[in-house]
Each structure stands twice: as C-alpha cells, then as structure tokens.
Amino acid sequence: MMAGDNIEDIEIQLFLEALHRRYHYDFRKYAQASIKRRLVQARTQLGYTSLSAMQEAVLHDETVLPRLLNYLTVQVSEMFRDPSYFRALREKVLPHLATYPSLKVWVAGCSRGEELYSLAILFREEGLYDRTLFYATDINPDALDAAERAVYPLDLIRTYTENHQKSGGRSSLSDYYRAAHGGAIFDKTLRERVVFSDHSLVTDSVFGEMQLVSCRNVLIYFDRDLQDRAIGLFRDSLARKGFLGLGSKESLRFTRHAASFAPFVPAEKIYQRAEA
Amino acid sequence: MNDGGITAVAIGASAGAVQALLHILPPLPASLPVPVLIVVHVPADRGNALVSLFEARCDIVVKEAEDKEPAAPGTVYFAPSDYHLLVERDGTLALSADEPVNYSRPAIDVLLESAADAFGGGLVGIVLTGANHDGAEGLRAVAAAGGIAIVQDPASAMSGAMPAAALARCPDARVETLDGITAFLVNLVPA
Ligand SMILES: C[S@@+](CC[C@H](N)C(=O)[O-])C[C@H]1O[C@@H](n2cnc3c(N)ncnc32)[C@H](O)[C@@H]1O
C-alpha cells in the first residue's frame, strides 16, 4: 500500500480540518509524527473506535473539545526547567533589562504557569518585578485556568526547589508558596503584574513592545512554516534589542528570520533582536 | 548487501546499552548508506555523554539528533536526554517534550512507531539489552509496516527482559547475537 492511502492518515487530515472549521483550533501544521501519536492516544483513552468516530463526536458535542485539547496540547512543564536557562537570564539578560524604567515580558505557551512563576520569582529576586508587566498566553483554557490558580502538586516541589537553587536562586522557593490541601499554593503577589490570555501563535497577531519573549518547548511542536510564523510574531513583538529565549532543543537555525536575531547566549538558545 | 531497499536503522537499548553499542557501532563504516537512529534510556540530567563516548570510537559520524534536521546516511543520531525522538514522513527528525512513555523519555516505542510510519518496509528496527519492556510495541509496528525486526538474543544480552518482551510481542523477529547484528549492519554497505 502507498503511504498516502493509509486510512488513518486520511482520518487525521480530516479530523484536524474539522477541528479547525468548527472551533478555529488549527493543528494542521503541527509536526505530524507527534500530533498523530496524540490523536491516537486521545482516541484510545476517550474510547472511540476510530478517529472518524471521534470527529463526529467533537463536531456535534462541544463538551468533547476541552478533553480533546488536553491531549492535543502537551502540558508538560516544570518550574525552572533547565536551570541553566534561568541562570543565563539572571546573569546575562537581566542586567541589561535593569537599565529600563519599565519592562514587558511575554511567556508564550505558558502551560499551567510553571515557566511564568519561575520568571516572576527570578525578576523579584533581581529587583525587577515591580516594574515589569508579564503576559502569559496559551491556547489551552484549562492550562490558563491552572496558571491563574498557581497550585502545584507538593511532590513536585522538591524538584522545583532544586531547579531554583541551580538557577542561582537568591531566596528560598518556600518563601513563595504555602502548603494546603496536598498542593503548594503560590503567592498571589506573584501574579499581581500578570495578564493571562488566550492567544495562539498560529492564528493570532503580535503583542507589542516586549523586552523579553520566553517561548520554550512550543515551537518544537510546529512544522517549519508555523515556526517561521511564530518567530515572525516574536520579531515584530520585540522592542529594539529585546531578547528571545527558546527551549533547549529549539533554535533559529532552520527559520527564515534567523537574520533578525543575533545569538546572545547560544548554549541557552537566548537571542537578541538585531537591527533590521 | 543492501538489496532489500533498506533506508534506515532504528535501535533501542536500555540497561547494558553502552557495552552493546560499543560492540555494534565502532565497526560501522562511514560509508554506511543509511542513517542509524538510537534511543538509549539515560537519566534526564546526564546530558549527551553518549555522543562524546561514541564519537571518539567510531568512523561513522555520531551526533545528537536535532529537531527538524534531515536524517542523513552514514550518521548515528542519539536521542537527546529528556526528549522523545521521532521521524517525520519526509525523513526529518523531530523531538518532543511529551510525557514519558513506559516511564522513559526518550522512549524506544516512540522512535520505532514513528520510524515505522516514515520508512515502512525500508526500516530495520532493533531491540537490544534492557530490563524493561520498552520497544516491544514499537518493534511490532516495525514488522507490521513491513520492516525488518531484530532482537538481541535474550540469552546473550546483558539484560534479557527487554529483547524477550519484544520477541513475545513480535514473534517473527529475527534473533541475533551482537556479532550477528553487527554483521547485518556492515552488510548494508554496497559491495
Ligand atoms: C510542552 S508545553 C511547554 C510549557 C513551558 N513553556 C515549558 O517549556 O515548560 C507546550 C505549551 O504550548 C501550548 N501551545 C500549543 N500550541 C500553541 C499555540 N498555537 N499558541 C500558543 N501556545 C500553544 C500548549 O497548550 C502547552 O501549554
């Protein structure tokens, strides 16, 4: 059989098309191998006999959508994930940012807020929090709700604490949360200066004049065209000499916007907006 | 001889992986006409020690797999720690930060299943030594797509559980010693 004749491939394309036409969630140009895995996983775990059956359900029943989104988007994160990234921000980027009277930071694809609060704590430790406005965006409404609640399982706190220390933390992570009901509830003051919003890097437009955009482990799920689109958005959303931080396995190497950025801390995938 | 239209090799290994790969990879010539994609279970914080270990001992190019890079012949690609390694239909490599599968990230099943999709009958899937059952589903997918499924002889493996689990799931897989696997791969080079 030829690769393109495979029934499952046809179903995947039709499913993603249906999702886009019905709900405007556009996964059509996500990296295929991974989206296929997640569709098959959703089908099995939600109990449909085929992707076509799952398509019928999501077209006619809106309540299926949120559950489906939790499979199609990957909510895997950690506070201070890759501590060396946060250390590089702390030691190399924040000293530059400290020269600005006010700052805007965009955390794109913020998941349940782990990366956002890591940055908020970092900015607080370095004395920049009070002059910074954070924009935390994602396409998954459940994730955004969780980000606003800022409650994380207590059994993860040990890892988060170690990560925070390795990032050069100047305080104790326990200064920022209290334990209650089996969870660690992070301090409300960490989100006083945060605006949460539903924003898609695939279908929505620029966010003005950021000094720092942190978008980690999101582009990895996009194909090259989508990566170009998202990086174009970052370029247009960054102020002159603004910074862009990506995930440890992401880079600007394969995009057509590479010339708009200069490597700033190459090992940590931190770039600076270059003069155009 | 590569007359079976082999286009790629994908290997999974866990406990005992380093010794097994030290047996298999150094004899491979730089002219190997296919890419070799490898998932080894390593702790998340170990970085890419495997690349430097094997680079120094191999003629074939050894590197860490990067997202969106085309899989080139004559090259061994190791999955980075803490990311899954997948292959797209167009033969480019893809990484993902999805949840662990079989408690592992990278997971062998994830590599083998996506490689089976991408390379179909052109794929050789190999499950080596290991103490868990990752790779069993993947190897079955390799065989189902018409590829060649090989397991390391569980009796001669440092840890036989993983190849045994793969063999149970994929009973038609060839059973080979490390010498047999090495000879098979070296023979992929056109005479
Ligand atoms: C693997 S998580 C990364 C979380 C965090 N940035 C980190 O690195 O730990 C990927 C996130 O990207 C979000 N996402 C997926 N597609 C998106 C899109 N088109 N626009 C914005 N966010 C998206 C997902 O909902 C998910 O929260």
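Note that the structure is predicted; figures quoted are calculated from it, not measured. We name chains A, B, ... by the order of the sequence lines, and we start the count at 1 in each one. Atoms considered below: every heavy atom in the structure, side chains included; atoms not considered: hydrogens, waters and symmetry mates.
For residues 135-144 of chain B, the pairs satisfying side chain to side chain donor-acceptor pair (under 3.5 Å) are B:Glu137-B:Arg169, with sequence neighbours left out.
Looking only at heavy-atom pairs under 4.5 Å with chain A, the residue among B:Ala118, B:Ala97, B:Ser114, B:Gly120 that has the most is B:Ala97. Of all the listed residues (A:Val76, A:Val74, A:Ile220), the one sharing the greatest number of non-hydrogen pairs under 4.5 Å with chain B is A:Ile220.
Heavy atoms closer than 4.5 Å to chain B are found in both the backbone and the side chain of A:Ser248. When heavy atoms are compared at a cutoff of 4.5 Å, B:Asp109 approaches chain A solely by way of its backbone atoms N, CA, C and O. Heavy atoms of B:Val101 lying under 4.5 Å from chain A belong exclusively to its side chain. Residue B:Glu69 touches chain A through both its backbone and its side chain, counting heavy-atom pairs closer than 4.5 Å. Using a 4.5 Å cut-off between heavy atoms, A:Glu250 makes no contact with chain B at all. Neither the backbone nor the side chain of A:Arg216 comes within less than 4.5 Å of any heavy atom in chain B. Contact annotation for B:Glu66: only side-chain heavy atoms (C-beta onward) come within less than 4.5 Å of a heavy atom of chain A. If you measure heavy-atom distances from B:Leu95 to chain A, the contacts under 4.5 Å come from both the backbone and the side chain.
To the nearest 0.5 Å, atoms NZ (B:Lys68) and CZ (A:Arg253) are separated by 12.5 Å. In this structure, the separation between CG on A:Asp223 and CD on B:Glu88 is 8.5 Å, given to the nearest 0.5 Å. B:Ser96 OG to A:Lys249 NZ: the interatomic distance, rounded to the nearest 0.5 Å, is 13.5 Å. Taking CG from B:Asp82 and CG from A:Asp82, the interatomic distance works out to 7.5 Å, rounded to the nearest 0.5 Å. With rounding to the nearest 0.5 Å, the separation of CG in B:Asp67 from CG in A:Leu219 is 9.0 Å.
Between A:Tyr221 and B:Asp98 there is a side-chain heavy-atom pair separated by less than 4.5 Å.
Taking a 6.0 Å sphere around CD of A:Gln13, one finds it holds 12 or fewer heavy atoms contributed by other residues, nucleotides or ligands. For B:His133, the NE2 atom is loosely surrounded, since the number of other residues' heavy atoms within 6.0 Å does not exceed 12.
Proximity to chain B among residues 27-47 of chain A is limited to A:Ala31, A:Gln32, A:Ala33, A:Ser34, A:Lys36, A:Arg37, A:Arg38, judged by heavy-atom separations below 4.5 angstrom.
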